[in-house]
Amino acid sequence: MTGLVEVPVAARPSSAPARIRRRVLLLGALAGAALAALSVTALTLGQMPMEASVAVRALFGLGDQGDVFVVQEFRAPRIAAALIAGAGLGVAGSLLQRLFRNPLASPDVMGITGGASFGSVVLLATGASASFIPLGALGGGLLAALLLGVFAWRSGLTVTRLVLVGLAVQAGLAAAVNLMVVRFPAELAGAALQWTTGSLYGRTWTEVGAAAVAGAVALAAAFVLHRRLAVLDLGDESAGALGINVSAARLQLLVTAIALASLAAALTGPVAFVALAVPHLVRFVAGPPTAATTALSCLVGAVLLLSSDLVVQHLLPVEGLPVGVVTATLGAPWLLVLMIRQSRPVNRSSV
């Protein structure tokens, strides 16, 4: 029999994955363009306004030396800190929400950022170099995760218990930070104050460089472990049947998420909302989680934190506000809406 053979519908390759990939690539390109535009805008704005071409040339050490000094020593480190911290928070939130299968799981809700702030301030009190602050933040983040495990896991990690215990851990560690700030000598109190609300003010290349190296390692680990996370999405039994050591994989992913959140807190203090909101935004616009959407979470987190910092610096009438004020103002109603949605009883009449 000659002629065309019709391929059954079930056997035809679906174009849905291709459409999703194209959408994610387009969204990634848009986020990258927005990030570049926001970065150039941040370089040009301030008490010494500059044209975009002048600011970009100054970034590479060209042009007037006064412009070079302002851009390279004050504006560029602050922008780099926002990019590193935002990217780390976005990916950390994405990992935690998938790992716990809980839309409320984020470093700020679980107390990890509070622990990282506590570790940073403790290390600052010892007079350690700024390059070692990320180590203190990581230790504090791990301490917060340990406290969360001790108090929350014993009765099962329900949504309500996770939020309540996480907020309690966050509040307790924040109180400890405030106590240390009050007891610090005057020259240390100002440096430690950023870890009470979250701020990008006064970042230096030493701090940014140390966090960038550690953050690059943690981000690389997140992408290397993504295949295991994708298998864990199938459920513990299925993951075990496929040869995954579920406990070890969960621990590796949890430590990676804690490291990313802690490094962000080492630069900015406890910035709220970013890690909680970014995974929801990415799922809404890009669809199911993949390695590509994890990369998109990295970009969206950086865009969100940098744009919030621009709002704080140039749009609000009060000068000197930390970026955490804007993110917390947005984050409080977002958290409330999520909690209401999670606590709403399921309608089983149609089941």
Side-chain angles (χ1 to χ4, degrees), residues 32 35-46 55-56 58-61 67-92 107 113 116-117 119-121 123-124 127-141 188 190-222 256 258-271 274-275 298-310 312-313 320 322-324 327:
L35 204 57
L38 288 169
S39 299
V40 172
T41 301
L43 288 175
T44 61
L45 298 178
V56 172
L59 180 64
F60 294 98
D67 294 339
V68 171
F69 179 77
V70 169
V71 168
Q72 290 188 349
E73 297 302 322
F74 294 102
R75 297 179 184 175
R78 181 164 184 157
I79 295 169
L83 300 184
I84 295 168
L89 289 173
V91 175
T113 52
S117 299
S120 299
V121 173
L123 203 62
L124 184 66
S129 170
S131 59
F132 292 103
I133 294 296
L135 294 177
L138 178 59
L188 288 179
L193 192 60
Q194 67 162 311
W195 279 287
T196 62
T197 54
S199 175
L200 289 164
Y201 177 76
R203 299 301 89 213
T204 66
W205 283 119
T206 300
E207 298 165 326
V208 170
V213 172
V217 173
L219 283 173
T256 301
I258 291 172
L260 287 168
S262 299
L263 291 169
L267 284 175
T268 66
V271 173
V274 176
C298 181
L299 291 173
V300 173
V303 168
L304 186 56
L305 188 56
L306 182 55
S307 58
S308 297
D309 191 47
L310 285 173
V312 164
Q313 291 186 79
V323 68
T327 58

Practice problem: Please report the closest heavy-atom contact between L260 and A92, naming both atoms and the distance. | Solution: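 Between these two residues, the closest heavy atoms are CB-CB, 4.0 Å.
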Quiz item: What's the spacing between Q72 CD and F60 CZ if we round to 0.5 Å?
Solution: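 Answer for the CD-CZ pair, Q72 versus F60, is 10.0 Å.
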Quiz item: CG/L267 to CG/L89 distance, rounded to the nearest 0.5 angstrom?
Solution: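 So the CG of L267 and the CG of L89 are separated by 10.0 Å.
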Self-check item: Between CG on residue L310 and CZ on residue R78, distance to nearest 0.5 Å
Solution: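 Going from CG on L310 over to CZ on R78, the span is 9.0 Å.
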Practice problem: Please round to the nearest 0.5 Å and tell me the distance separating atom CG of L35 and atom CD1 of I79. | Solution: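 It comes to 10.0 Å.
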Quiz item: Considering only heavy atoms from C-beta outward, does the side chain of L263 approach that of I84 to under 4.5 Å?
Solution: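 They are not in side-chain contact.
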Practice problem: Give, for atom CG of L304 and atom OG1 of T327, the distance between the pair rounded to the nearest 0.5 Å. | Solution: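 With rounding to 0.5 Å, CG (L304) is 8.0 Å from OG1 (T327).
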Quiz item: For V274 and V271, which heavy atoms make the closest approach, and how far apart are they?
Solution: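 Scanning both residues, the minimum pair turns out to be CG2-CG1, 4.1 Å.
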Quiz item: For the side chain of R75 and the backbone of L43, is there at least one donor-acceptor N/O pair under 3.5 Å apart?
Solution: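 Side chain of R75 to backbone of L43: a pair is present.
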Quiz item: Could you give the distance from CH2 (W205) to CD (E207), rounded to the nearest 0.5 Å?
Solution: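 One gets 12.0 Å once the value is rounded to the nearest 0.5 Å.
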Exercise. Walk me through it: do L45 and Q313 pass the test side chain to side chain contact (heavy atoms under 4.5 Å, CB included)?
Key: CA-CA 9 Å; L45 298 178; Q313 291 186 79; over 6 Å; no
Exercise. Provide the closest heavy-atom pair for T256 versus A218 in the form atom of the first, atom of the second, distance.
Key: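 Scanning both residues, the minimum pair turns out to be CG2-O, 3.5 Å.
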Quiz prompt | Heavy-atom pair of closest approach, residues T41 and A37 | solution =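 Of all heavy-atom pairs spanning T41 and A37, the closest is OG1-O, 2.8 Å.
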Exercise. Provide the closest heavy-atom pair for G86 versus L305 in the form atom of the first, atom of the second, distance.
Key: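 For G86 versus L305, the nearest heavy atoms are N-CD2, 3.4 Å.
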Self-check item: Residue list, side-chain contact (heavy atoms from CB on, under 4.5 Å) with A87, at least two apart or on another chain
Solution: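 In terms of side-chain contact (heavy atoms from CB on, under 4.5 Å), with neighbours along the sequence ignored, A87 is linked to C298.
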Quiz prompt | Listed partners of A137 passing side-chain contact (heavy atoms from CB on, under 4.5 Å), at least two apart | solution =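 Partners of A137 under the side-chain contact (heavy atoms from CB on, under 4.5 Å) test: A116, S120, S262, A266.
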Self-check item: Flag side-chain contact, heavy atom, 4.5 Å: L306 against L83
Solution: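 The answer is yes, as the side chains (C-beta and beyond) meet within the 4.5 Å cut-off.
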Quiz item: Closest heavy-atom contact between L200 and A81?
Solution: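 It is CD2-CB, 3.8 Å.
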